[in-house]
Asker: 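Sending over a structure as structure tokens; questions will come in a sec.
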Amino acid sequence: MPYLQTSKKSRALLDIKSQKCGLRHTIFSVIGNEYTGEWQDNKKHGKGTQVWKKSGAIYHGEWKCGKPDGYGTYSVLLPETKELAKKYCGEWKHGKKHGYGMYLYNNLAVYEGEWSENQRSGWGRMYYESRDIYEGEWMKDKNHGQGIIRCANGNWYEGTWGEGKKNGDGKFYYSDKGQLYEGIWLDGVAKCGTLSDFGRNEAPTPSKCQIPQVRLVDMQLVLKESEEAYLETINSKLPLHNTLTENR
């Protein structure tokens, strides 16, 4: 059989035609994944839907240079019911959650807010399975900066956080007892501050006795010296003031 040699021009034209560009019907990969949508320079680019064969997960949204980038929704296949459940809906960058979006951990635990490279970073609100609600700043997937947590029992804390714990200056309202603590926290433990009655008459389970007034020659000076010592320890451990992220 004679060998037919194609010209350089013909080969170049064949290469161009074989490149995926523009809107295409479903394309299957060798491992069974399927993609339906737009292409550019042989890469997923524009709007499209990807289905992963092994897990059954689906991403529907915007793409850039072969990766989810822009706005999109990621859903997973529940093994028990074989139904799709939405996990994340929001912004992406270079294939990672980045920008503003909502993530559903389960029916009760939900986060909505800012992300940076797949981690909660910036401002956000977290609804916990315990029914507690945190609203404030995050860094590297942990409460970090200024924030408020409202507990399911009615108590709440507002103040500074570091590495996912109360760290720094903050107030804790014991609405069930009608008391208020104001002071310094270290790794989630109250270390130096004042405890006073606050809304005691409206509290469902107030303490039997009112908190007695402490009489010192200079109470503020005593508190200030203790607070400064603890704040120095906290600031050496945690970058509490560096709470803003790249995506803000």
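These figures come from a predicted structure and were not determined experimentally. These values consider heavy atoms only, across backbone and side chains, with no hydrogens, waters or symmetry-generated copies.
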Asker: Taking the side chain as everything from C-beta on, heavy atoms only, tell me whether Tyr103 gets closer than 4.5 Å to Lys87.
Answerer: yes

Asker: Do Ile27 and Val51 belong together in a cluster built from hydrophobic side chains that touch within less than 4.5 Å?
Answerer: no

Asker: Using every non-hydrogen atom in the two residues, find where Lys67 and Gly95 come nearest and quote the distance to one decimal.
Answerer: CB-N, 3.8 Å

Asker: Assess the residue pair Thr160 and Lys166 against the criterion (side chain to side chain contact (heavy atoms under 4.5 Å, CB included)); give the C-alpha distance rounded to whole Å, side-chain angles, the decisive distance to 0.1 Å, and a yes or no.
Answerer: CA-CA 6 Å; Thr160 311; Lys166 305 177 190 72; over 6 Å; no

Asker: Name the orientation class of the two ring planes belonging to Trp161 and Tyr157 (parallel below 30°, tilted from 30 to 60°, perpendicular beyond 60°).
Answerer: perpendicular

Asker: Taking C-beta and beyond as the side chain, do Arg131 and Leu108 meet within less than 4.5 Å on heavy atoms?
Answerer: yes

Asker: Please tell me if the side chains of Trp185 and Cys192 come closer than 4.5 Å, counting only heavy atoms from C-beta onward.
Answerer: no

Asker: For the hydrophobic clusters of this structure (ILVMFWY residues joined by side-chain heavy atoms under 4.5 Å, transitively), does one cluster hold both Phe198 and Phe172?
Answerer: no

Asker: Looking only at heavy atoms, what is the nearest atom pair of Asn167 and Asp187, with distance?
Answerer: OD1-N, 2.7 Å

Asker: How many angstroms lie between atom CH2 of Trp123 and atom CD of Glu114, to the nearest 0.5 angstrom?
Answerer: 8.0 Å

Asker: Going from CH2 on Trp63 to NZ on Lys43, what distance comes out if it is rounded to the nearest 0.5 angstrom?
Answerer: 13.0 Å

Asker: According to a hydrophobic-cluster definition based on side-chain heavy atoms being under 4.5 Å apart (Ile, Leu, Val, Met, Phe, Trp, Tyr only), do Tyr174 and Ile148 belong together?
Answerer: no

Asker: Taking all heavy atoms of Leu77 and all of Gly56, pick out the closest pair and write down the distance.
Answerer: CB-O, 4.0 Å

Asker: Backbone N or O of Trp138 within a donor-acceptor pair of the Asn143 side chain at under 3.5 Å?
Answerer: no

Asker: If you look only at distance, which donor and acceptor atoms sit under 3.5 Å apart when one is on a side chain in residues 31-40 and the other is two or more places apart or in another chain?
Answerer:
from	atom 1	to	atom 2	distance (Å)
Asn33	OD1	Lys53	N	2.9
Tyr35	OH	Glu38	N	3.3
Tyr35	OH	Glu38	O	2.8
Thr36	OG1	Thr26	OG1	2.6
Glu38	OE1	Lys47	N	2.7

Asker: Can you tell me how far CG of Asp132 sits from CG of Asn153, rounded to the nearest 0.5 angstrom?
Answerer: 7.5 Å

Asker: Are Ile133 and Ile149 side-chain neighbours, meaning at least one heavy-atom pair lies under 4.5 Å?
Answerer: no

Asker: Would you please name every residue forming a side chain to side chain contact (heavy atoms under 4.5 Å, CB included) with Lys171, sequence neighbours left out?
Answerer: Glu158, Tyr173, Leu180, Glu182

Asker: For residues Thr49 and His60, is any side-chain donor paired with an opposing acceptor at under 3.5 Å?
Answerer: yes

Asker: Got a sec, which residues hit side chain to side chain contact (heavy atoms under 4.5 Å, CB included) with Asp141, two or more places apart in sequence or on another chain?
Answerer: Gln119, Arg120

Asker: Quick one: closest heavy-atom pair of Gly101 and Trp115, and the distance?
Answerer: O-NE1, 3.3 Å

Asker: Using the ring of Tyr74 (Phe, Tyr or Trp, six-membered ring only), decide whether Lys86 places NZ or CZ under 6.0 Å from its centre and within 45 degrees of its axis.
Answerer: no

Asker: Which pair of heavy atoms, one from Glu129 and one from Asn106, lies closest together, and at what distance?
Answerer: OE1-ND2, 3.3 Å

Asker: Is it true that, when you exclude Arg150 itself, more than 12 heavy atoms of the residues, nucleotides or ligands shown sit nearer than 6.0 Å to its CZ?
Answerer: no

Asker: Check whether Tyr127 and Met102 end up in the same hydrophobic cluster, where Ile, Leu, Val, Met, Phe, Trp and Tyr are linked by side-chain heavy atoms less than 4.5 Å apart.
Answerer: yes

Asker: Under a 3.5 Å distance rule, please check whether Ser121 uses its side chain to pair with a backbone N or O of Ser116 as donor and acceptor.
Answerer: no

Asker: Which atoms form the tightest heavy-atom contact between Lys142 and Glu163, and what is the distance?
Answerer: NZ-OE1, 3.2 Å

Asker: More than 12 heavy atoms of other residues, nucleotides or ligands under 6.0 Å from NZ of Lys97: yes or no?
Answerer: yes

Asker: For the atom pair CE (Met126) and CD (Glu135), what is the distance rounded to the nearest 0.5 Å?
Answerer: 13.5 Å

Asker: Go through the steps to decide whether Ser196 and Tyr181 satisfy the test side chain to side chain contact (heavy atoms under 4.5 Å, CB included), and finish with yes or no.
Answerer: CA-CA 7 Å; Ser196 58; Tyr181 169 82; over 6 Å; no

Asker: Any donor-acceptor pair under 3.5 Å linking the side chain of Tyr134 with the backbone of Glu137?
Answerer: yes

Asker: In Å and rounded to the nearest 0.5 Å, what is the OH to OH distance from Tyr59 to Tyr88?
Answerer: 9.0 Å

Asker: For the atom pair CG (Asn118) and NZ (Lys96), what is the distance rounded to the nearest 0.5 Å?
Answerer: 6.0 Å

Asker: Can you confirm whether Asp197 sits close enough to Gln179 that some side-chain heavy atom of one is under 4.5 Å from a side-chain heavy atom of the other?
Answerer: yes

Asker: Yes or no on side chain to side chain contact (heavy atoms under 4.5 Å, CB included) for Trp156 and Cys151, after CA distance, side-chain angles and deciding distance?
Answerer: CA-CA 6 Å; Trp156 79 93; Cys151 304; 5.8 Å; no

